[in-house]
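When a residue number appears, it is its place in the shown sequence, counting from 1.
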Amino acid sequence: PIANALIQVSGEVSGSAQTGPDGRYEIAFSHGGSITASASVTGFVTATGTGSLVLGRATLFSPALLPEGNTLPQVAVAMAEIVSARDDAP
């Protein structure tokens, strides 16, 4: 886990947080919309992603930060679990 990383959200809503000792953060919003999220900390390459916030649902932004000077990967993977809004069942 990376502590003290700055998480910034901008777009239709905005906010920021710093990760705790366990690398975790949480930012609550009163409405949803399209966003861009970034994670940055000294010594690592900033990671950025885009997505949508939906009220009543969690949007996961949990990037693996690469130490500065490393070559960025040439592929990306998208994965998720789709659940029912009614009962969180897959």
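Atom CG in L53 sits 8.5 Å away from atom OG in S34 (nearest 0.5 Å). Atoms CG and CD1, from D22 and I2 in turn, are 12.5 Å apart once rounded to the nearest 0.5 Å. Taking CD from Q8 and OG from S38, the interatomic distance works out to 4.5 Å, rounded to the nearest 0.5 Å.
With hydrogens and angles ignored, the 3.5 Å screen pairs a side-chain donor or acceptor of T59 with a backbone N or O of S52.
Sorted by first then second residue, the salt bridge (charged side-chain N to carboxylate O under 4.0 Å, His left out) pairs that include residues 29-39, not counting sequence neighbours, number zero. Judged as a salt bridge (charged side-chain N to carboxylate O under 4.0 Å, His left out), the pairs with a partner in residues 35-61 (not counting sequence neighbours) are, in order, R57-D88.
In the hydrophobic cluster analysis, where Ile, Leu, Val, Met, Phe, Trp and Tyr join through side-chain heavy atoms closer than 4.5 angstrom, L65 is grouped apart from L6.
Looking at every heavy atom in both residues, Q18 comes nearest to Y25 through O-CB, 4.3 Å. Taking both residues in full, the closest heavy atoms of I7 and A39 are given as CD1-CB, 3.6 Å, listed atom of the first, atom of the second, then distance. Heavy atoms only, all atoms of each residue included: E12 and H31 are closest at O-NE2, 3.5 Å. Nearest heavy-atom pair, V41 versus A3, reported as atom, atom and distance to 0.1 Å: CG2-O, 4.3 Å. Between P63 and A47, the shortest heavy-atom distance links the atoms CB-CB, 3.6 Å.
Remark: T36 pairs with S10, T48, T50 by the side-chain contact (heavy atoms from CB on, under 4.5 Å) rule, at least two apart or across chains.
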| Test side chain to side chain contact (heavy atoms under 4.5 Å, CB included) applied to N70 and V45, step by step | CA-CA 9 Å; N70 283 5; V45 178; over 6 Å; no

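Considering only heavy atoms from C-beta on, F29 comes within 4.5 Å of V9 through its side chain.
Other residues, nucleotides and ligands place no more than 12 heavy atoms under 6.0 Å from the CD atom of E26.
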